[in-house]
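Structure record follows, encoded as structure tokens.
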2 protein chains.
Amino acid sequence: MKVIEIPPCTHCTNNNDLFQCLNRTDLEDFSSSKRGNVFKKGQNIFYEGNHSHGLYCIYSGKVKLTKWGSENREQIIRFAGKGEVLGYKALLSDSPYNATATAIEDCQVCHISKSVFLSKLNENKKLAFSTIQLMAGNLRTIEDTLITVSQSQVKERVARALLLLKAKFGLEEDNVTLSVTLSRREIGELASTTIETAIRTLSQLKKDQVIAFDRKKIKIIDMERLFSIAKLDY
Amino acid sequence: MKVIEIPPCTHCTNNNDLFQCLNRTDLEDFSSSKRGNVFKKGQNIFYEGNHSHGLYCIYSGKVKLTKWGSENREQIIRFAGKGEVLGYKALLSDSPYNATATAIEDCQVCHISKSVFLSKLNENKKLAFSTIQLMAGNLRTIEDTLITVSQSQVKERVARALLLLKAKFGLEEDNVTLSVTLSRREIGELASTTIETAIRTLSQLKKDQVIAFDRKKIKIIDMERLFSIAKLDY
DNA sequence: GTCAGCGTATGATGCACATCATAGTTTGGC
DNA sequence: GCCAAACTATGATGTGCATCATACGCTGAC
């Protein structure tokens with residue numbers, strides 16, 4: 001990976017979900033205190049249970065957030081891509097991270113200190129409102145996930161996992177290939193199942209010509225069928 | 001039930017999770033626009049999919065929040081008791097309710113209009129911060145639930161359901177009887193299982209002398225065992 | 001008193017999925 | 001290029017739990 005210097009917040013061209021609302025001065029404050037970091041694929045950005053000292057803002061790359069269950073299985077809670085902010089929950093509820101963030105691609109990530117963010121949050125109403133809306137959205141999503149997980153079977157959950165990946169990270173130029181590459185284990189963690197069952201289910205979907213494999217990549221051949229398997233509206 | 005007049009917000013003695021931070025003037029604004037309502041056990045306060053026109057604040061009684069899955073099963077998302085505020089997510093993300101609120105006891109509930117709340121939220125930093133913290137806490141809880149549901153088996157989930165009820169609503173004076181009464185179906189909906197399995201699991205717990213039944217009420221006999229079945233720390 | 005309706009209870013059966021086992025295939029380190 | 005480790009794949013087996021069926025007790029209507 002070519003490591004480029006991360007530009008200052010004032011020149012960041014990412015569509016940031018939280019900081020878009022800020023003006024130049026606020027961004028400069030963030031920028032002057034921020035710290036850029038590079039994380040290679042597979043490296044952890046922070047760990048479940050650790051204490052938070054600030055926010056992480058993804059400049060480039062993709063991240064998964066996972067959590068350990070009472071058993072020995074890891075579960076993917078959500079993904080984050082460029083422009084997204086990680087670790088705000090821990091910071092806002094003043095508690096340890098309740099998930100582990102891991103790069104699933106090489107990443108460039110900025111770190112903004114707790115104090116700077118909290119003081120901005122306190123003085124800037126727009127930022128507070130953005131934060132609220134971000135969290136409200138997250139809450140809705142995860143409540144939906146909760147229902148899906150507990151009341152559907154594996155085939156449906158795997159189909160939903162693929163559609164989630166499409167919705168979140170999009171397709172490549174060919175308009176069929178998912179732009180994220182996950183291992184079968186990770187797809188299993190996303191769909192709340194074991195690696196074996198994930199593999200079997202994906203194989204079945206392939207045999208049914210709903211999806212296809214291209215090396216590590218997954219192609220969605222029959223989007224309509226995939227939606228219907230996921231029991232979602234096309 | 002004896003229906004008493006709901007006092008003005010300025011005289012409300014409930015520990016409100018969101019409005020505690022407000023001063024007298026703010027509370028008076030809320031109070032003058034609020035509308036009191038009584039809901040009998042079993043009545044719905046609002047419906048999943050409907051549009052929100054404001055907040056509900058529980059003055060007395062207990063409420064369950066449920067959501068329909070893709071199949072035909074209803075699932076309990078969370079409970080709320082006196083002093084808790086309902087419907088803020090729908091309001092803040094400007095979207096329909098994503099759960100149905102139903103009284104599980106006779107309730108007295110105040111309704112605060114959308115515009116009054118939003119304008120207060122905009123002008124009052126403390127309120128914004130309270131909202132943020134409330135949501136951060138909710139997010140943490142539900143993420144934990146997600147893991148539990150997907151990775152544990154029924155016995156563990158039922159045990160956790162009982163402990164949740166204890167933590168949320170407490171015990172009666174005898175210090176063993178849960179203060180909430182739920183039907184077996186509702187316990188099933190809480191533990192993400194069917195009514196039959198909920199009944200069987202509770203019977204088993206009774207046979208193992210972990211819990212006991214007293215008419216409709218459930219007594220927790222062996223708290224330590226219950227924690228260990230739930231795979232939680234005592 | 002009787003009967004309908006609901007909640008609780010329990011057995012029988014089947015199936016989806018975890019688990020265990022094993023093997024081929026790819027990847028990265030040196 | 002080679003070997004170890006990780007990933008993918010597939011079969012065999014077991015089991016947790018949903019589903020179906022049935023029945024009993026309680027409550028309220030008339």
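Throughout, protein chains are lettered first and strands after them, A, B, ... in sequence-line order, and every chain is numbered starting at 1. Side chains included, hydrogens not; waters and symmetry mates left out as well; all remaining heavy atoms used.
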- In terms of side-chain heavy atoms, does Asn44(A) have a donor or acceptor partner in Tyr47(A) at a distance below 3.5 Å? yes
- Message: Could you tell me how far apart Gln153(A) (CD) and dT19(D) (C1') are, to the nearest whole angstrom?
- Response: 13 Å
- Message: What is the distance, to the nearest angstrom, from the CD1 atom on Ile199(B) to the C1' atom on dG7(C)?
- Response: 7 Å
- Task: Give the nucleotide from the list dT10(D), dT8(C), dA18(C) with an atom nearest to the side chain of Ser203(A).
- Result: dT10(D)
- Item | Nucleotide dC6(C), atom P - distance to CD1 of Ile195(B) in whole Å | 12 Å
- Query: Between Ser179(A) and Gly170(A), is there a donor-acceptor pair closer than 3.5 Å when you use the side chain of the first and the backbone of the second?
  - Reply: yes
- Choose from dT8(C), dT19(C), dA18(D) the nucleotide whose nearest atom is closest to any side-chain atom of Thr193(B). dA18(D)
- Message: Using the rule side-chain hydrogen bond (donor to acceptor under 3.5 Å, both in side chains), only one of Glu48(A), Arg73(A), Glu189(A), Glu74(A) pairs with Thr66(A); which is it?
- Response: Glu74(A)
- Sorted by position of nearest nucleotide on DNA chain C, 5' first, the leading residue of Ala198(A) and Arg215(A) is Ala198(A)
- Using a cut-off of 4.0 Å on non-hydrogen atoms, how would the nucleic acid contact of Lys155(B) be classed: base, sugar-phosphate, or nothing? nothing
- Look at all strands and tell whether Lys216(A) reaches a base, only sugar-phosphate, or nothing, counting heavy atoms closer than 4.0 Å. sugar-phosphate
- Message: In whole Å, I'd like the distance from the CG atom of Leu202(B) to the C1' atom of dT10(C).
- Response: 14 Å
- Nearest-angstrom distance from the residue atom CZ of Phe213(B) to C1' of dG25(D): 15 Å
